[in-house]
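Read the structure below first, then the notes.
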Amino acid sequence: GMPDAVRIYEVGPRDGLQAEKQLVATDVKLEFIRRLLAAGLRTIELTSFVSPKWVPQLADAADVVAGVDLDSARHPVLVANERGLDRALASGVREIAVFASATESFAKNNLNRSVDEALTMFEPVVRRSRDAGVAVRGYISMCFGDPWEGPVALAKVVHVAERLIDMGATSLSLGDTIGVGTPGHVLALVERLEAAGIPRGVLAMHFHDTYGQALANVHAALTAGITEFDASAGGIGGCPYAQSATGNLATEDLVWMLTGLGYHTGVNLEQLVEASVWMAKHLRRPSPSRVVRAMAST
Ligand code: HMG
Ligand code: MG
């Protein structure tokens with residue numbers, strides 16, 4: 001049945017800004033994060049400690065973390081390798097996320113590794129994090145479809161999920177990186193993971209809205225008892241290493257639906273819309289979120 005409470009995992013400052021062609025100034029990122037906090041979001045992924053050659057947009061990761069009160073909310077960051085973990089731990093963060101791929105094509109394009117080589121790279125990252133009392137989320141990208149390989153077999157997702165849980169990941173976020181998933185596929189994946197011994201309680205869902213399916217997929221996941229959903233304020237974002245990965249599910253769209261279903265998200269929707277409109281001005285294009293557009297024009 002439907003869960004009693006759900007958690008919104010805001011990825012705007014990270015997933016939202018990592019693919020922007022123009023570099024966004026650190027001060028603008030910090031003001032965006034402050035506005036997201038003020039709007040009531042309590043889990044905000046801040047940035048990525050990855051190679052600045054690969055993601056120059058987030059080369060200022062240490063400055064972003066230094067500018068945020070880490071006690072104000074949960075503030076995870078992305079980490080791909082031990083070098084990134086060293087930088088993340090030095091910044092004082094208490095939560096990280098590694099990011100695996102269900103497909104070989106995306107593992108190669110995003111991490112310059114095979115699926116299993118990438119998992120091997122994550123092993124010491126996860127071990128050292130857990131030893132330091134740092135929680136580790138394991139993202140799995142391309143769980144529903146891949147731009148190079150097409151449909152993705154459930155077994156590939158299960159393989160990566162098992163490896164991440166075995167190495168010590170505390171939660172998993174199932175990514176529909178290119179937004180091709182549909183509700184029946186979501187339910188099938190949750191059931192298949194559960195059959196493999198991975199309980200629903202450790203799962204989060206990360207939908208991109210490329211094909212307009214994100215909210216339908218969230219609703220399906222809710223009926224399956226999933227309690228954590230990733231979203232980006234204003235629906236900004238995408239992955240620079242996945243063609244056709246457009247914006248994430250907009251946090252405003254998610255909040256609108258959850259509120260209608262009777263959930264108390266703790267988010268002030270008017271304030272969140274204002275934050276997204278403010279950010280859209282800096283990015284010089286309107287928010288793709290339907291709720292932002294509807295509320296900003298009234
Ligand atoms: P590589 O080129 O194989 O490795 O990249 P390398 O060790 O040769 O590193 C390349 C250069 O980067 C070297 O510099 C390293 O020192 C440096 P050089 O020697 O040439 O001067 N370097 C670093 N510098 C700072 N911090 C570090 C670091 N690591 C290396 N941590 C690597 C391998 C993993 C580093 C690279 O592929 C990488 O950084 N990839 C990150 C890609 C990324 O961030 N993608 C977006 C996030 S995933 C996503 O968006 C999906 C998600 O939203 C879910 C979904 O939607 O599905 C999570
Ligand atoms: Mg993403």
Side-chain angles (χ1 to χ4, degrees), residues 9-20 45-63 65 76-91 93 96-103 105-115 117-122 124-125 128 136-147 152 156-157 160-161 164 169 171-181 189 203-210 214 217 228-232 235-251:
Y9 184 108
E10 171 65 41
V11 299
R14 192 278 304 172
D15 208 344
L17 299 181
Q18 72 184 8
E20 279 301 313
E45 196 169 73
L46 294 179
T47 183
S48 304
F49 286 94
V50 296
S51 167
K53 294 206 169 125
W54 282 66
V55 186
Q57 292 87 345
L58 304 181
D60 62 352
D63 295 330
V65 174
V77 298
L78 259 60
V79 169
N81 54 19
E82 288 194 84
R83 171 100 179 266
L85 180 65
D86 292 337
R87 294 172 58 211
L89 292 177
S91 80
V93 296
I96 66 147
V98 295
F99 45 105
S101 171
T103 67
S105 301
F106 187 63
K108 184 72 190 160
N109 276 281
N110 199 43
L111 294 160
N112 198 24
R113 303 277 184 286
S114 70
V115 168
E117 283 166 356
L119 290 165
T120 301
M121 175 169 70
F122 298 147
V125 172
R128 286 179 49 204
V136 181
R137 166 184 251 224
Y139 278 102
I140 307 176
S141 286
M142 305 300 176
C143 289
F144 297 88
D146 174 285
V152 175
K156 292 191 176 177
V157 184
V160 176
L164 287 168
S171 67
L172 298 177
S173 174
L174 306 179
D176 186 6
T177 320
I178 56 169
V180 294
L189 180 56
L203 300 180
M205 293 287 166
H206 180 101
F207 296 121
H208 286 254
D209 206 25
T210 323
N217 289 338
E228 185 165 282
F229 296 96
D230 301 0
S232 82
I236 57 175
C239 178
Y241 294 104
Q243 76 197 57
S244 76
T246 61
N248 292 75
L249 166 62
T251 313

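Whatever order the structure lists them in is the order used to number ligands and atoms, beginning at 1.
- Every side chain to side chain donor-acceptor pair (under 3.5 Å) that Asp146 has, sequence neighbours left out, goes to Thr103.
- If you run side-chain contact (heavy atoms from CB on, under 4.5 Å) between Val50 and each of Leu58, Leu111, Val55, only Val55 comes through.
- The atoms of ligand 1 that sit less than 4.0 Å from any heavy atom of Asn112 are 1 (P), 2 (O), 3 (O).
- In the vicinity of Arg83, heavy-atom distances shorter than 4.0 Å reach the ligand 1 atoms 15 (C), 16 (O), 17 (C), 22 (N), 23 (C), 24 (N), 25 (C), 26 (N), 27 (C), 28 (C), 31 (N).
- Proximity of Leu78 to ligand 1, defined as any heavy-atom pair under 4.0 Å, is confined to the side chain (atoms from C-beta onward).
- Geometric assessment of Arg14 against the ring of Tyr139 yields a positive cation-pi assignment under the 6.0 Å and 45° thresholds.
- Contact between Pro52 and ligand 1 is present, with at least one heavy atom of the residue lying under 4.0 Å from the ligand.
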Next item on the list: Could you please spell out the steps behind the salt bridge (Lys or Arg N to Asp or Glu O under 4.0 Å) verdict for Arg87 and Glu82?
Entry: CA-CA 9 Å; Arg87 294 172 58 211; Glu82 288 194 84; over 6 Å; no
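- For Asp176, no nitrogen or oxygen atom sits less than 3.5 Å from a nitrogen or oxygen atom of ligand 1, counting backbone and side chain alike.
- Short contacts between ligand 1 and Ser51, defined as distances under 4.0 Å to a heavy atom of the residue, involve ligand atoms 11 (C), 12 (O), 17 (C), 22 (N), 23 (C), 24 (N), 27 (C), 28 (C), 30 (C), 35 (C), 39 (O).
- The contact set between ligand 1 and Asn110, taken as ligand atoms under 4.0 Å from a residue heavy atom, comprises 37 (O), 40 (N), 41 (C), 42 (C), 43 (C), 45 (N), 46 (C), 48 (S).
- Contacts between Asp15 and ligand 1, counted as non-hydrogen atom pairs separated by less than 4.0 Å, involve the side chain only.
- The nearest pair of heavy atoms linking Ala204 to Asp230 is CB-OD1, 4.3 Å.
- Looking at every heavy atom in both residues, Ala250 comes nearest to Ala231 through C-CB, 4.1 Å.
- In this structure, Arg137 forms a cation-pi arrangement with Tyr9, its terminal cationic atom sitting closer than 6.0 Å to the ring centre and no more than 45° off the ring axis.
- At a cut-off of 2.8 Å, Asp230 does not coordinate the Mg ion (ligand 2) through any N, O or S atom.
- Among Arg87, Lys53, Arg137, the residue whose heavy atom lies nearest to atom 20 (O) of ligand 1 is Lys53.
- Side-chain polar atoms of Glu228 and Ser171 form no donor-acceptor pair below 3.5 angstrom.
- Counting the atoms of ligand 1 from 1 in the order shown, those under 4.0 Å from a heavy atom of Gly84 are 31 (N).
- The N, O or S atom of His208 lying closest to the Mg ion (ligand 2) is NE2.
- Within Asp15, the N, O or S atom lying nearest to the Mg ion (ligand 2) carries the name OD2.
- Contact annotation for Asn81 and ligand 1: only side-chain heavy atoms (C-beta onward) come within less than 4.0 Å of the ligand.
- Looking at Tyr139 next to ligand 1, no N or O pair under 3.5 Å apart turns up.
- When all heavy atoms of Ala169 and Gly138 are compared, the pair lying nearest together is CB-N, 4.3 Å.
- Using a cutoff of 4.0 Å between basic side-chain nitrogens and carboxylate oxygens, Glu117 and Lys108 are not scored as salt-bridged.
- The proximity of Val50 to ligand 1, defined as any non-hydrogen pair under 4.0 Å, involves the side chain as well as the backbone.
- Heavy-atom minimum distance, His206 versus Ser173: CB-OG, 3.3 Å.
- Taking a cut-off of under 4.0 Å to the non-hydrogen atoms of Val55, the atoms of ligand 1 that pass are 43 (C), 44 (O).
- Residue-ligand proximity, His208 to ligand 1, at heavy-atom distances under 4.0 Å covers atoms 56 (O).
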